[in-house]
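Hydrogens, waters and symmetry mates play no part in the numbers below; they use all other heavy atoms, side chains included.
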There are 2 protein chains.
Amino acid sequence: MKHLLVKFFSQYKSLSEEDIKIIEDNAIIRKYQKGAILLKEGQYAKESYLVLKGCIRSYYIIDGEEKNTDFFLEYDPLVPISYIKNQPSKYFIECLEDCVLSIGKTERTEKLLLSYPNFIPLYRKISDDYSTNQLISTDKYRNLSPEEHYLEIRKLKPELLERIPQYQLASYLGIKPQSLSRIRKRLIHQK
Amino acid sequence: MKHLLVKFFSQYKSLSEEDIKIIEDNAIIRKYQKGAILLKEGQYAKESYLVLKGCIRSYYIIDGEEKNTDFFLEYDPLVPISYIKNQPSKYFIECLEDCVLSIGKTERTEKLLLSYPNFIPLYRKISDDYSTNQLISTDKYRNLSPEEHYLEIRKLKPELLERIPQYQLASYLGIKPQSLSRIRKRLIHQK
DNA sequence: GGAATTCATTCACCTAGGTTAACTTCGGTG
DNA sequence: CACCGAAGTTAACCTAGGTGAATGAATTCC
């Protein structure tokens with residue numbers, strides 16, 4: 001599974017044989033089953049993730065209802081806010097499919113960059129890129145109706161619609177599954 | 001008007017005659033007329049404010065519509081995000097009444113604290129207190145319906161309802177003035 | 001003092017999404 | 001094969017807020 005991580009890095013830079021060896025030797029790869037919980041509300045996150053295979057959701061519980069805040073697919077980096085801020089998490093993180101994840105820990109990464117300083121610009125590129133791909137991106141969509149938000153997703157991440165059950169998407173959009181059904185029907189019949 | 005600033009400080013600590021003189025000698029107090037714009041979208045904020053008298057709103061414009069994000073009354077500190085992050089502002093800041101404001105600038109404050117280090121714990125107290133009173137507090141109320149949000153405000157800041165026009169409050173709640181009228185009517189008749 | 005704004009209220013009508021419940025489809029399991 | 005449970009769809013009815021227009025009240029302006 002390490003080749004998937006190499007593939008991820010090679011999106012950013014062409015890698016030498018040696019680079020590849022370093023990446024493979026230092027990778028921590030873990031597999032999780034569908035339904036596995038990576039982080040619970042109240043816990044401190046101990047690591048961050050890169051999705052190599054599978055699909056993950058983050059959600060919180062309000063008034064007894066789960067509300068999805070984000071989904072992560074292949075090559076999405078998932079850095080829990082709890083990990084950055086070293087605070088108890090407000091969110092749950094759960095695998096929606098069987099997953100293969102690369103594990104990231106700050107101290108480890110820093111040590112690695114000391115040993116292999118030529119990876120530093122690569123890491124900078126990746127983390128710059130990541131800043132556009134935030135956990136909890138609600139802000140951008142605050143002003144959209146659920147229908148508009150749905151259309152945005154269909155435009156920007158059409159694959160997501162094929163991958164996750166509709167009731168999970170409905171929860172993300174802030175509506176009931178029945179309403180998402182209705183929206184989809186509306187869109188079919190009016191176009 | 002400087003006595004209002006002294007009054008503000010004395011909420012946090014009992015002040016000696018000398019303290020009072022220092023505060024008064026170093027205060028920057030400015031008056032603004034109703035309707036004055038303190039900061040426009042795109043500008044860099046050059047200072048922060050403490051409301052000594054009057055009422056201020058911050059808002060942004062989306063699809064040609066103004067949306068209020070916050071109101072500030074007497075003794076509310078107003079630190080533009082643009083000032084903290086040194087970024088162009090996403091918000092407008094406008095006086096809803098004639099205002100008397102105390103002006104704060106970081107370098108100036110820091111110089112002052114060097115000369116008068118006994119003010120340092122006082123400043124710490126004030127800025128700790130401020131962190132609970134953030135600009136853009138939308139997050140807390142994201143899950144409330146406009147009606148619930150209105151009830152929250154009536155409970156927590158009832159004075160605000162007397163001070164600002166209802167269409168300004170409606171904009172804050174994310175609804176039209178007619179709908180706020182309707183909500184108020186509903187609340188009167190059902191209780 | 002009268003006219004013109006501005007703001008709040010009310011009404012009729014519309015639309016989106018919630019609620020409840022019935023029905024279907026499908027995949028898994030005995 | 002029959003049954004079950006989960007997920008999606010549909011429908012009837014409800015509610016909140018939007019829209020546009022009319023009315024009233026209060027302020028400001030000449």
Side-chain angles (χ1 to χ4, degrees), chain A residues 33-36 55 57 59 61-68 71 94-98 138 141-154 158 160-191, chain B residues 33-36 54-55 57 59 61-68 71 94-98 138 141-154 158-191:
Chain A
Q33 285 202 309
K34 175 174 171 172
C55 175
R57 70 173 175 131
Y59 64 96
I61 294 184
I62 183 148
D63 299 332
E65 298 241 315
E66 297 182 2
K67 282 228 181 186
N68 291 329
F71 299 101
E94 179 195 340
C95 297
L96 287 179
E97 304 174 353
D98 291 347
T138 43
Y141 301 111
R142 245 220 307 276
N143 300 298
L144 298 184
S145 68
E147 177 171 337
E148 291 167 326
H149 197 170
Y150 175 78
L151 288 169
E152 276 299 296
I153 294 167
R154 206 173 61 174
L160 191 63
L161 304 187
E162 318 283 309
R163 292 276 288 273
I164 63 173
Q166 285 183 36
Y167 71 96
Q168 294 288 6
L169 184 65
S171 158
Y172 177 72
L173 296 172
I175 58 178
K176 304 288 159 187
Q178 299 93 311
S179 299
L180 178 53
S181 240
R182 188 152 42 185
I183 288 172
R184 287 158 46 84
K185 194 179 176 190
R186 226 163 35 218
L187 292 173
I188 292 165
H189 285 80
Q190 81 185 39
K191 255 224 156 172
Chain B
Q33 285 200 310
K34 176 174 172 173
C55 175
R57 71 174 174 129
Y59 64 97
I61 294 184
I62 183 146
D63 298 333
E65 296 242 316
E66 297 180 3
K67 282 229 180 184
N68 291 329
F71 298 100
E94 179 195 342
C95 298
L96 286 179
E97 304 174 352
D98 290 349
T138 43
Y141 301 111
R142 245 219 305 276
N143 300 301
L144 299 184
S145 68
E147 177 170 337
E148 292 166 327
H149 196 172
Y150 175 79
L151 288 169
E152 277 299 296
I153 294 168
R154 205 173 64 173
E159 192 195 349
L160 191 63
L161 304 186
E162 318 281 309
R163 291 277 288 272
I164 63 172
Q166 286 183 35
Y167 72 97
Q168 295 287 7
L169 183 65
S171 157
Y172 177 72
L173 296 172
I175 58 178
K176 304 288 159 186
Q178 298 95 309
S179 299
L180 179 52
S181 242
R182 187 153 41 186
I183 288 173
R184 285 157 48 83
K185 192 179 177 187
R186 227 165 31 220
L187 293 173
I188 292 165
H189 285 81
Q190 82 183 38
K191 256 223 159 174

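Looking at heavy-atom distances under 4.0 Å, A:Pro165 makes contact with sugar-phosphate atoms alone, never a base.
In this entry the distance linking NZ of B:Lys185 with P of D:dT15 reads 16 Å, nearest Å. Nucleotide C:dT6 holds its P atom 12 Å from the NZ atom of B:Lys34, rounded to whole Å. Distance, B:Ile188 CD1 to C:dA8 P: 14 Å, rounded to whole Å. In this structure, B:Ile164 atom CD1 and C:dA8 atom C1' are separated by 14 Å, rounded to whole Å. Between the P atom of C:dT10 and the CD atom of B:Gln166 lies a distance of 11 Å, rounded to the nearest Å. The CD1 atom of A:Ile183 sits 12 Å away from the P atom of D:dT9 (whole-angstrom rounding). Whole-Å rounding puts the B:Glu65 CD to D:dT19 C1' distance at 12 Å. Counting to the nearest Å, the P atom of D:dA12 and the CD atom of A:Gln178 are 15 Å from each other.
Under 3.5 Å, the side chain of A:Arg184 and the base of D:dG8 form no donor-acceptor pair of N or O atoms. Residue-to-nucleotide contacts include a donor-acceptor pair under 3.5 Å from the side chain of B:Arg182 to the base of D:dG18.
Looking at every heavy atom in both residues, A:Leu161 comes nearest to A:Arg154 through CD1-CG, 3.3 Å. Between B:Glu147 and B:Leu187, the shortest heavy-atom contact is OE2-CD2, 3.5 Å. Heavy-atom minimum distance, B:Glu66 versus B:Ile61: CG-CG1, 4.1 Å.
Judged by closest nucleotide on DNA chain C, B:Tyr167 is the one of B:Ser179 and B:Tyr167 placed further toward the 5' end. Between B:Leu180 and A:Lys176, the one whose closest nucleotide on DNA chain C sits nearer the 5' end is B:Leu180.
B:Asn68 contributes no side-chain N or O that, together with a main-chain N or O of B:Ser171, makes up a donor-acceptor pair within less than 3.5 Å.
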